[in-house]
Every structure is written in C-alpha cells, then in structure tokens.
Protein chains: 2
Amino acid sequence: MITIRDVAREAGVSIATVSRVFNNAEAVATDTRREVRAVATRLGYSPHGTARSLITRRTATIGLILPDLYGEFFSELIRGVDHAVRAQGYHLLVSSSHADRAEVDSAMALMRGRVDGLVVMLPERQQAQVPLVSGRLPLVRLGGAPHNGDADAIVVANRDGARAMVRHLVSLGHTRIGVIAGADANSDADERMSGVRDGLEDAGLGEDALLRVAGDFSEASGFRAAREMLRADPRPTAIFALNDAMAIGALSALRAEGVNVPADIAVAGFDDIPMAQFLDPPLTTVRVDISAMGARAATRVLSHLGNGPSGSGVEIVPTTLMVRRSCGNPGAWSPTIPESLA
Amino acid sequence: MITIRDVAREAGVSIATVSRVFNNAEAVATDTRREVRAVATRLGYSPHGTARSLITRRTATIGLILPDLYGEFFSELIRGVDHAVRAQGYHLLVSSSHADRAEVDSAMALMRGRVDGLVVMLPERQQAQVPLVSGRLPLVRLGGAPHNGDADAIVVANRDGARAMVRHLVSLGHTRIGVIAGADANSDADERMSGVRDGLEDAGLGEDALLRVAGDFSEASGFRAAREMLRADPRPTAIFALNDAMAIGALSALRAEGVNVPADIAVAGFDDIPMAQFLDPPLTTVRVDISAMGARAATRVLSHLGNGPSGSGVEIVPTTLMVRRSCGNPGAWSPTIPESLA
DNA sequence: CCCGTTACTGTAAACGTTTACAGTGACTCC
DNA sequence: GGAGTCACTGTAAACGTTTACAGTAACGGG
C-alpha cells in the first residue's frame, strides 16, 4: 500500500504539503501542487479513508439499520437515503435483517466509530419500547408510530391515508368493509388500522361495518384473507388491504373464485407500488413516497452534522389517494391506459 | 467520546489489558476481565472501529457498487450480499446510482481504505469495457455477460434461461414470437436476446419467426411494446418479455385491447418476481435466484480475504423454467391457486 | 535459596492521516 | 537597512486502537 509518505519522498516535499494538496486548502505553490499531483497519480496514490477519519473525527458515512430487506419498499427506502447522503459526499453503511431490539442495539454498537449518524428502522415487534440511545451520534428513527419518545423521527401519515381511503369507500356506498390487516405488533399496520377506525367513525358507522382479517404484508396472506372474507356473513362489499402486495393476493383470490372486481367487490391497497396501475383492474390505493421518506431521514441526520439547516422533531410524510378502477372509479369505466403512459 | 484510555484509568489497568479483554485473546485474569467489562458497560464504551481498522489493516467492510436501485431486483441483491457478509462479521458499504464508468471508478476510489473487498455491478452502458482495477482489493463483478476479462465474476445463465423459454414456447406450437427486449447495451438483456436466437435456431426457425421490439425493463415499456406488437403483421402468437415487469405491462396492454391470454396470445416473462404467481393469468417465467447471486458474489470476495475456501473465475447462476398459465400450461387450465399456497 | 517457568500486566511503537505552530526567504515600506 | 508582511513549507503532535516486547510476582523444583 502506498502512503502519503511515499508521495512526499518521491516529490521531495513534506507529508504536510501532500496533505494540503489533497485537501486543496491553504496556500501551496502552483509548481509544488502540480508536482505532487503528478507523483500521486504516477504512484496511484489516493488518501486512506480510515486514517483520515481517525484524525478528523468524521467518517463521512451514515449508517442505515433496517429490520429486513424484502420487497420494493426497502429498495426504495435505500434509494432515497443513498441519494440524499451521496449528495453531501457521504457514504452509506447498511445493516439489515434485525429480528429484534437486541440485534438492533448490537448493530448500533458495531457501527460506533464507523458512522457519523444513524437512520434506524425498528423491527416489527418492539417498536414503541425503550428509546434508542446512540451516545453522541445523531439518530433518526424511521417509520412506525409517531411520538414514542425519540427526538427525531420520520413517519408516514399512515393513519390519515387509511382514513381517507375508508371515507372514499364509504362515499362509494360501501357499508361493510373487509380489512386485511398487517402483522401484529407492526406499528405501521397498527396506525393504518387506527385510520380505518377513524374513517368508519367519521361516517357514523359502527364496529359491525368492519371485518378484520389478519395478514402479514405478503401476497400469500392477502390471498388467504380474501378467501376467508368471501365466506363471511354478511360478506363485505369492499376489501381494503393494508398494503398493495396483499391487495394483489386478494385480487388473485377473488379471480380464482369467480368474483368480479369491482362489480361484485371493490378492492383497495396501500403504498402505490409501481405496478399497481398495471393490475387488473388498476388498483385504487394510497400513495406513499417511500424514497422521499428515506431522503428526509438522511437529510435530517445530515442536518445535525452541520450540513444544511438543522431541525428536530417528528416529521410526517403525507399520503395521497390514488383512485383507479378497482373500487369502481365513477367515470373511468372503460378500459383505460395506465396514467404513467398518458 | 469515551475511549479505551478512560476505561483503563477507571478500571485501574493499562489500555493493553482493556484491549485484550475486548479481543478476548491471550490470558487476562478472570477478576481483571470482569472488572474491565463492568467498567466498560458502565461507561458505555465500545471500541472505535476506525482506530481499530487503522492498526489491524482490515475494515471488516465490503463495498457494493450498483448502477441503480430501482425495483425488487436490487433489494434482493443487497439482501443476498448483506446476509453473506454479516455471517462473517463484515459490514456492507453501499453506493448506487452510477450512470457511467467514470462514476464507478470514482466510487471505487472513494472506497479505498474503507473496505476490504468490492462487489461491483456495472451500469448498462460500458459493460464489456476496460476491466475494473482495484489495486490490491479483491473484486468480483456481478451480472452482465461472462468472460470479459476480469478474474472473478458471478453472472446469471441468461442465455440458457431465454433459450429454454423459447423452446418451451415452440413446443407449445408457437412459430411467431414477439420478444420485448431490454435496454440497448444492457448486457443481461443482450445475453437473453442471444438465448432467444439460440432457441429459435434449435427449433430450426428463421429470423422471420422473431419480432423484436425494444423495451427498458419497466412496466410502461412492456405496455407500449405489446401494443405495438398487436399491430404487426403477421401478429405474434406469443410474447416473451425479457423481464417480469415488462410482462406485467404487456398483460395490461393486452387486456386493454381485449386480447385473451393465453387463448389468443401467450405471454412469458423472466425473473420470477414474487407476484408473478398472483397475476392474471399466473405468469410463466424464468426463475432467477437473485439473492443467491448476491450471496455468492459476497462469498467469493470473502474467500479472497481468507474466509472460507478460495476460488476464482466466472461463476454462473442457473435459471429454472416456471410453467404457469400465461402460456397455456397444458393440464392446468382450471383456476389454480398460487403454488406458494398449495 | 536461586532459577526457571507460568501467568499476568504494562510500555511504547506503530497504523496513515490532519493541522497548529514554527520556521524561512523574499519583498515592501518607511 | 531594519521591520513587517506575505507566501509557502516543514516539524511534530495528535486521533484510538493493537501488539511485540519487557517486566513483575508467585510458585515449584532442584
């Protein structure tokens, strides 16, 4: 490995001068600078990040701790974080697959001294537990329910989104709504469920308007849940899956049973994954800008590091209702082409 | 920040002893060990990764450089890499969104001294260009065409997979096949296209059996391409989209035009993304185990670092033909439930 | 009683940088 | 011509670890 010392010797200057050239700070004579640069490229030198980090006390890296990595959700999230972080010249250290809180804490410990800040998304189980403690490192929590004790968090307006969807369904005349819920103890799922209850309440509908069946955010669980709902009495006239993957499963089940969507049963999802508009029928869903959420989390961490205006508190990522045809969008009955192609 | 020196002072020992406790190497008296551990947790000490890296000359990190981060493909890839890497106690540094070769090289330079090895996937354009040079760092290239000059690479059996699919289509009686190709200069797409030609040749069919329309791996491009194919004369009796996302777009277009799948036109995809089995009809496709590919790449890099048996060369990830109903799977005509639920 | 061994612990030199501080000429100005 | 300023460069001390080497005390054997 070739070091700053080799370059200095070869160029006939001190290591301080080489360092100055590479941090293009302070005054270095143009000739010297040129010479050093030349020697450096000839020798194939580039500064050693670790050594630099040790002395400057910044790693130029932020850590991202995720519970899991299945599905488009996480790739979008990483994409958002990566983008924001790279824009400020930072690196991204990713650690995923943390089944419980202990693993998250250990991942955080392992990252000590390797990152300047952290973005953490907790695994489903212990969401609202003991607040995360990261020593001096800026930390922002991602997802889950708002207001659980930590200073910084970016969360989705799950509750508002679900509420808006239920109101939409009710406005279409549905008074018996089947909801395919998320995993137990997943607080995003919990929040969406609360939103459903809010919406029902808004409409003056009671508990009997709601048929809740558990799912786990997978297509398979949506399939099973929808099949179960078809046997319910009274049978719901609308199915609201708390994410799009489960809605896809539900559509598949309904099709297998010969039930027409939306004529017989309306179906709605949550997330608006890219293919939602290409489904049959195109899926009415609640849009969430996941990569924006990741970007915001990263930006927040960076702001505590002195990049950009600093702020604190819980920030909420809004949702949008995307009305397509799976709930019988009035006025869009004829076969339409996906809006991204219009 | 609390350092090894603080712990040493507080515990009344030297920093060497504290270090020894944390690397649980060599002999340390049980009492001393206990005391140090106690002080360390009381003070909330954990070793500083950067400092450790500097002296040990290993960062316990491997770098992953990706062209992009859109879609499930990349999250699966990261998942595989992350898993393999964590199993050996390594960290994962991710850098994505590299539009061209220069950006890849700069990302590699930025990672110098921060990682012990690299997994690199090149952006679509300059795939087969100048081989990657990483100095002393072990490097494995991911995806693209095999045999382009680098020592280590993990690639998908794109060609075999596409060939198998074409043979399947031909065996079903199709002699006019529309292929929705991938982006220009994407070598995975190129390889799949070569496989298509192989398959056609196997069947003794000429160039006129093939209708090629360009796509870019997105649902939208699949939609457009399928629509274009419907206007071709003679019209193909089967559409083979070179990935599942485009197949989904194609299904959507066919539906909009009132064409029945598979009765009027067969549709096939490539990748076998999770929801392929939940589509209408369930999609016949070529299965690729993406996360396994990522894991293999990581394992290969790690092997050069002395973890596990070492090997070199180009490794090929096999594909499997998944016959479902979108091409008229004989004997599976009645509505079936997805196989993951059976 | 001395020596060798064992079991533990401390000292100090690295690792490759950055940066405060201290030079060193050359030039300007009075 | 001396002082002051300026532009540039070098010296050396950090940053928080690991680890070779040396040191110490206790103990057993001769």
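By convention in this document, chain letters (A, B, ...) are assigned in the order of the sequence lines, proteins followed by strands, and residues within each chain are numbered from 1.
Cation-pi geometry between Arg37(A) and Tyr45(A) is not satisfied (NZ or CZ under 6.0 Å from the ring centre, within 45° of the ring normal).
For Arg112(A) and Ser46(B), the side-chain atoms include at least one donor-acceptor pair closer than 3.5 Å.
One atom, CD1 of Ile15(A), and another, C1' of dT11(D), lie 9 Å apart when rounded to the nearest Å. Rounded to a whole Å, the CG atom of Leu54(B) is 13 Å from the C1' atom of dA13(C). The interatomic distance linking Ile2(A) (CD1) with dC15(C) (P) rounds to 14 Å, in whole Å. The distance between atom NE2 of His48(B) and atom C1' of dA14(D), rounded to the nearest whole Å, is 14 Å. In this structure, Arg9(B) places its CZ atom 14 Å from C1' of dG16(D), rounding to the nearest Å. When the C1' atom of dT17(D) is taken as reference, atom CD1 of Ile55(A) falls 13 Å away, rounded to whole Å. Arg57(B) has its CZ atom 19 Å from the P atom of dT17(D), to the nearest Å. The OH atom of Tyr45(B) sits 10 Å away from the P atom of dG16(D) (whole-angstrom rounding).
The base of dG10(D) sits within donor-acceptor range of the side chain of Arg20(A), with an N or O pair under 3.5 Å.
Contacts of Arg58(B) with the nucleic acid, taken as non-hydrogen atoms under 4.0 Å apart, are absent. Using a 4.0 Å heavy-atom cutoff across all strands shown, Ser19(A) reaches at least one base atom of the nucleic acid. Residue Thr32(B) is in sugar-phosphate contact alone, with no base atom involved, counting any heavy-atom pair closer than 4.0 Å across all strands shown. Among the atoms of the strands shown, only primed sugar atoms or phosphate atoms (P, OP1, OP2) are found under 4.0 Å from some heavy atom of Ala29(A).
With values rounded to the nearest 0.5 angstrom, Ser75(B) atom OG is found 11.5 Å from Asp82(B) atom CG.
A donor-acceptor pair is defined here as one N or O able to donate and one able to accept, closer than 3.5 Å; such a pair exists between the side chain of Arg141(A) and the backbone of Gly143(A). When atom types are taken as modelled, the side chain of Ser53(A) and the backbone of Gly49(A) share a donor-acceptor pair closer than 3.5 angstrom.
Phosphate proximity of dG16(D) to Arg114(A): absent, as no side-chain N or O sits under 4.0 Å from OP1 or OP2. Not one side-chain nitrogen or oxygen of Arg5(A) sits closer than 4.0 Å to the OP1 or OP2 atom of dT17(C). Residue Ser14(A) has a polar side-chain atom (N or O) positioned under 4.0 Å from OP1 or OP2 of dG10(D). Look at Thr17(A) and you'll find a side-chain N or O under 4.0 angstrom from OP1 or OP2 of dG10(D). Look at Arg52(A) and you'll find a side-chain N or O under 4.0 angstrom from OP1 or OP2 of dT18(C).
Nearest-nucleotide positions on DNA chain C for Ala51(B) and Val18(A) put Ala51(B) closer to the 5' end.
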